[in-house]
Amino acid sequence: MAASVYLYTGPEIGEQNDAVQKIKVSLKKKFGEIEEYSFYANETSAAEFMTVLQNESLFASATCVVVKNADVIKKKDEIEIITGWIAASSSETNVLILQSEEIAVDSKIEKAVPPQNKKVFWEMFENQKPQWVEKFFRKNGFRISMDAVTEILDMVENNTESLKTECSRFFY
């Protein structure tokens, strides 16, 4: 069995975060209590976050490490640590999730991740955004006019994470 590693890239960070959350939920269903860690590759060395994965937890059945900005991992030794763990690990209780808002990460890392565990999250098309906002409001028990939808879309970044954050402010 191969290591449990996922690579999520692309500018649609909201859908990426939803996919990460699904993995965490499935880990909790399968193993019960899990330890969750989040690192930024531009702030933390690969050796540091990989140590967390390589050590078994005393307090939880599984460990999930999310590394954001994975596109900045360029040093040869860091790439070797990550790809070496992917090649050697057969644990399904230790999960590594690499995220990047860029389209790609280092090619050696990309090749090491199984194809079924890689996904590029693209921005929504312009014609999908109004429907998304309207559906989000409806799901939360509110209605919204098309003029208000247009105003929101003019002010908010082009990803569902930003849209969720800004639209949620109306519910308070």
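- Put simply, Val120 and Met124 are part of two different groups of oily side chains (I, L, V, M, F, W, Y) that touch within less than 4.5 Å, one to the next.
- Residues that satisfy the salt bridge (charged side-chain N to carboxylate O under 4.0 Å, His left out) test with Arg143, not counting sequence neighbours, are absent from this structure.
- Residues Val95 and Val5 are not in side-chain contact: their nearest non-hydrogen atoms beyond the backbone lie 4.5 Å or more apart.
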Task: Worked check of side chain to side chain contact (heavy atoms under 4.5 Å, CB included) between Phe136 and Leu163 - done: CA-CA 9 Å; Phe136 185 78; Leu163 282 171; over 6 Å; no
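- Nearest heavy-atom pair, Thr83 versus Ala112, reported as atom, atom and distance to 0.1 Å: CG2-CB, 3.9 Å.
- Hydrophobic cluster membership differs between Val113 and Val20, with clusters built from Ile, Leu, Val, Met, Phe, Trp and Tyr side chains linked at under 4.5 angstrom.
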Which donor-acceptor pairs under 3.5 Å do side chains of residues 7-17 form with protein atoms, sequence neighbours excluded?
unit_1 : atom_1 : unit_2 : atom_2 : d
Thr9   : OG1    : Ile103 : O      : 3.0
Glu12  : OE1    : Thr160 : N      : 3.0
Glu12  : OE2    : Gly14  : N      : 3.1
Glu12  : OE2    : Glu15  : N      : 3.1
Glu12  : OE2    : Thr160 : N      : 3.1
Glu12  : OE2    : Thr160 : OG1    : 2.4
Gln16  : OE1    : Gln99  : NE2    : 3.0
Gln16  : NE2    : Gly10  : O      : 2.8
Gln16  : NE2    : Ser100 : O      : 3.1
Asn17  : OD1    : Gln99  : NE2    : 3.2
Asn17  : ND2    : Ile13  : O      : 3.4
Asn17  : ND2    : Glu161 : OE1    : 3.4

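- What you find for Val133 and Cys167 is that their closest heavy atoms are CG1-SG, 4.2 Å.
- Taking 4.5 Å as the limit, every side-chain heavy atom of Ile34 sits out of range of all side-chain heavy atoms of Ser61.
- Atoms NZ and CZ, from Lys164 and Arg169 in turn, are 15.5 Å apart once rounded to the nearest 0.5 Å.
- Side-chain heavy atoms closer than 4.5 Å link hydrophobic residues (I, L, V, M, F, W, Y) into clusters, and following such links, possibly through other members, connects Val65 to Met50.
- Taking Glu126 as the reference, Lys129 meet the salt bridge (charged side-chain N to carboxylate O under 4.0 Å, His left out) condition, with sequence neighbours excluded.
- Ring geometry, Phe171 versus Phe137: the interplanar angle exceeds 60°, so the pair is classed perpendicular (tilted spans 30 to 60°).
- In this structure, Lys118 has no side chain to side chain donor-acceptor pair (under 3.5 Å) partners at least two apart in sequence or on a different chain.
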- [ ] Could you walk me through whether Lys68 and Phe39 pass the side chain to side chain contact (heavy atoms under 4.5 Å, CB included) test, one step at a time?
- [x] CA-CA 6 Å; Lys68 298 179 183 208; Phe39 298 98; over 6 Å; no
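- With hydrogens and angles ignored, the 3.5 Å screen pairs a side-chain donor or acceptor of Ser26 with a backbone N or O of Ile23.
- Atom NZ of Lys135 and atom CG of Asn140 lie 12.0 Å apart (nearest 0.5 Å).
- In Gln54, the CD atom is crowded: over 12 heavy atoms of neighbouring residues, nucleotides or ligands sit closer than 6.0 Å.
- Between the side chains of Thr150 and Asp147, no donor-acceptor pair is found at a separation under 3.5 Å.
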TODO: Any chance you could lay out the side chain to side chain contact (heavy atoms under 4.5 Å, CB included) test for Phe31 and Thr63, step after step, and finish with the verdict?
DONE: CA-CA 10 Å; Phe31 299 109; Thr63 302; over 6 Å; no
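- The side-chain hydrogen bond (donor to acceptor under 3.5 Å, both in side chains) pairs that include a residue from residues 33-44 are Lys24-Glu36, Lys28-Glu36, Glu35-Tyr37, Glu35-Ser57, Asn42-Asn69, where partners are two or more places apart or lie in different chains.
- Residues Val156 and Met146 share a hydrophobic cluster, clusters being chains of Ile/Leu/Val/Met/Phe/Trp/Tyr side chains in contact below 4.5 Å.
- The CG atom of Asp154 sits 6.0 Å away from atom CD of Glu151, with the distance rounded to the nearest 0.5 Å.
- Interatomic distance, Leu27 CG to Lys22 NZ, rounded to the nearest 0.5 Å: 14.5 Å.
- Ionic pairing of Lys111 and Asp106 is not present here: no N-O contact between side-chain nitrogen and carboxylate oxygen is shorter than 4.0 angstrom.
- Under the salt bridge (charged side-chain N to carboxylate O under 4.0 Å, His left out) criterion, Lys30 pairs with Glu92, sequence neighbours left out.
- Although no hydrogens or angles enter the test, the distance criterion places a donor-acceptor pair under 3.5 Å between the side chain of Lys74 and the main chain of Asp71.
- Under a hydrophobic-cluster definition in which Ile, Leu, Val, Met, Phe, Trp and Tyr are linked whenever side-chain heavy atoms come within less than 4.5 Å, directly or via other members, Ile97 and Trp85 are assigned to different clusters.
- In this structure the side chain of Thr165 never reaches within 4.5 angstrom of the side chain of Ser162, judged on heavy atoms.
- One N or O on the side chain of Asn55 and one on the backbone of Thr51 form a donor-acceptor pair closer than 3.5 Å.
- Distance check, rounded to the nearest 0.5 Å: CG of Leu53 to OG of Ser89 gives 8.0 Å.
- With contacts defined as side-chain heavy-atom distances shorter than 4.5 Å, the pair Ile73/Ile82 qualifies.
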TODO: Could you check Ile144 against Phe142 for side chain to side chain contact (heavy atoms under 4.5 Å, CB included), going step by step and ending with a plain yes or no?
DONE: CA-CA 7 Å; Ile144 186 169; Phe142 294 90; over 6 Å; no
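- Leu96 has its side chain out of reach of Ser4: every pair of non-hydrogen atoms, C-beta onward, lies at least 4.5 Å apart.
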